[in-house]
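By convention in this document, chain letters (A, B, ...) are assigned in the order of the sequence lines, proteins followed by strands, and residues within each chain are numbered from 1.
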2 protein chains.
Amino acid sequence: MESTAPQSPAGLRTTPSWLLSQAASHAARLLSEGFAAHGLRGYHYRLLAALAEDGPASQADLGRRCAIDRSDVVAAINDLAGRGLVVRAPDPADRRRNVISVTDAGAAEAHRMAETVDRAQQDLLAPLSTRERDQLTRLLTRLLEHHSRD
Amino acid sequence: MESTAPQSPAGLRTTPSWLLSQAASHAARLLSEGFAAHGLRGYHYRLLAALAEDGPASQADLGRRCAIDRSDVVAAINDLAGRGLVVRAPDPADRRRNVISVTDAGAAEAHRMAETVDRAQQDLLAPLSTRERDQLTRLLTRLLEHHSRD
DNA sequence: TTCTCAACGTTGGCCCAGCCAACGTTGGCG
DNA sequence: CGCCAACGTTGGCTGGGCCAACGTTGAGAA
């Protein structure tokens, strides 16, 4: 009885929602292992990448761009600023706001982390051919488009 | 500038791991909304379904079958037993163990919840054709097979 | 102008899922 | 008999996400 697979009930195991959640959890593990090597987490990268791509922004803006609650942005920016990857400065034009900008070190780190992310994708998709990867991406994109009509 | 999508940096938005996690989170939301109508949660259903499918088992066994930590099984079985969906009895053959069995009410509830799960799959996959659903399932299964070589 | 209301950053807290350590109890094997 | 493993149970920790409240600041209405 030392059988192999300790998974869920058969009924669930073949269910698309279950497959999705399992696959997502493998992906998350790969990613967070990669991020850990940088001493950072997923949301740090999201913020850093958003800043590197679209330029400086207020914390609230950043939160909206990255779908991170503004209260959580505070702590994450503290971390990034503490490492010199990002600078927090009061906005002279609106004293309610802080302007967050990437430093050179931050841009470099963002670039390195992007490579880490790429490697994780390779690992994740290893068993699939290029064509199949495209298929998967296309299907998932269709799903998301449909389900994010607000 | 009231633009529509408040998502992640462009670099991530097209990344398979990101697509997966987003799709999985939609799926999880659909499922947990469905489960909420039964006053239960996902892990309750996993346990109940495993019991209904494969018959009575000890808590440790159940945990292994469903990939739920044995400490979490305790509370979940408490809930299920409190609702009369399940019975916890000492195993006469091994006094370390409890034997958990579904009651008739439990079997009925499991059946109803399975229908709820089915509906959630329909909602989730609504934008895809039958053929595409099969493709998606096949691709995800391949991914999981590859990544769960222990 | 003054009043009112919204947005900002920040603190603190809650919830959910998953994981792990520890304990006393019990069984099986050397 | 003695040791070790498995059991159920308690308690606690982590990571991620969400929400409420507060004092500050800006902007539009009366």
Novice: From D:dG16, D:dC18, C:dA17, pick the nucleotide closest to the side chain of B:Tyr43?
Specialist: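 Selected nucleotide: C:dA17.
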Novice: Name every residue in residues 72-97 of chain B that has at least one heavy atom under 4.0 Å from any atom of DNA chain D, in order of residue number, or write none if there are no such residues.
Specialist: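 Within residues 72-97 of chain B, the residues near DNA chain D are B:Val74, B:Arg88, B:Arg96, B:Arg97.
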Novice: With a 3.5 Å cut-off and no angle check, do the side chains of B:Gln22 and B:Arg13 form a donor-acceptor pair?
Specialist: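 No, no side-chain donor-acceptor pair sits under 3.5 Å.
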Novice: Less than 4.5 Å apart, any side-chain heavy atom of B:Tyr45 and any of B:Met113?
Specialist: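 With C-beta onward as the side chain, the pair touches.
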Novice: Write down the distance between CZ (A:Arg64) and C1' (C:dG9), rounded to a whole number of angstrom.
Specialist: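 In whole Å, C:dG9 C1' and A:Arg64 CZ are 12 Å from each other.
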Novice: Once you apply a heavy-atom cut-off of 4.0 Å, does A:Arg70 come out as touching a base, just sugar-phosphate, or nothing?
Specialist: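 It contacts base atoms.
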Novice: Between P on D:dG15 and CG on A:Leu40, what's the gap in Å once rounded to a whole number?
Specialist: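 Roughly 13 Å, once rounded to whole Å.
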Novice: Give a yes/no on whether any side-chain N or O of B:Gln59 is located under 4.0 angstrom from OP1 or OP2 of D:dC7.
Specialist: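 Result: no.
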Novice: Taking for each residue the nucleotide of DNA chain C bearing the nearest heavy atom, is the 5' side occupied by A:Ala60 or by B:Asp69?
Specialist: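 On the 5' side of the pair lies A:Ala60.
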Novice: Within the 4.5 Å heavy-atom criterion, are B:Asn98 and B:Asp91 side-chain neighbours or not?
Specialist: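 No, side chains not in contact.
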Novice: Sub-3.5 Å donor-acceptor pair from the side chain of B:His147 to the main-chain atoms of A:Leu124, do we have one?
Specialist: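 Yes: the side chain of B:His147 pairs with the backbone of A:Leu124.
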Novice: For A:Leu31 and D:dG16, give me the distance from atom CG to atom P, rounded to whole Å.
Specialist: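 In whole Å, D:dG16 P lies 11 Å from A:Leu31 CG.
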Novice: Between the side chain of A:Thr103 and the main-chain N/O of A:Leu85, is any donor-acceptor distance below 3.5 Å?
Specialist: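 Yes, A:Thr103 side chain to A:Leu85 backbone: donor-acceptor pair under 3.5 Å.
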Novice: Whole angstrom is fine here: how far is it from CG in A:Asn98 over to P in D:dG23?
Specialist: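 Taking CG of A:Asn98 and P of D:dG23, I get 19 Å after rounding.
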Novice: What I want to check is whether the side chains of B:Arg29 and B:His26 have a donor and an acceptor closer together than 3.5 Å.
Specialist: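 Per modelled atom types, B:Arg29 and B:His26 side chains form a pair under 3.5 Å.
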Novice: Treating a pair as Watson-Crick (purine N1 to pyrimidine N3 plus N6-O4 or O6-N4) or G-U wobble (N1-O2 and O6-N3) with both distances under 3.5 Å, list the stems of 3 or more consecutive pairs that involve DNA chain C.
Specialist: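 If one scans DNA chain C for consecutive Watson-Crick or G-U pairs, the stems found are C:1-15 with D:16-30, C:18-30 with D:1-13.
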Novice: Consider the side chain of B:Arg46, meaning its heavy atoms from C-beta on, and name the nucleotide among D:dG8, C:dG18, C:dC19 that approaches it most closely.
Specialist: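 Among D:dG8, C:dG18, C:dC19, the one nearest the side chain of B:Arg46 is C:dG18.
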Novice: How close or far is atom C1' of C:dG18 from atom CZ of A:Arg29, stated in whole angstroms?
Specialist: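 To the nearest whole Å, that distance equals 14 Å.
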Novice: With sugar-phosphate meaning primed atoms plus P, OP1 and OP2, does A:Ser32 contact a base, only sugar-phosphate, or nothing at under 4.0 Å between heavy atoms?
Specialist: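 Touches nothing.
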Novice: Would you mind reporting whether A:Ile100 and A:Leu51 have side-chain heavy atoms less than 4.5 Å apart?
Specialist: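 Side-chain contact under 4.5 Å: yes.
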Novice: Is a donor on one side and an acceptor on the other found under 3.5 Å between the side chain of A:Arg133 and the backbone of A:Leu128?
Specialist: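 Side chain of A:Arg133 to backbone of A:Leu128, a donor-acceptor pair under 3.5 Å: yes, one is there.
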Novice: Side chain of B:Gln135, backbone of B:Glu132: donor and acceptor closer than 3.5 Å?
Specialist: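 No, the answer is negative, given that no donor and acceptor are paired below the 3.5 Å cut-off.
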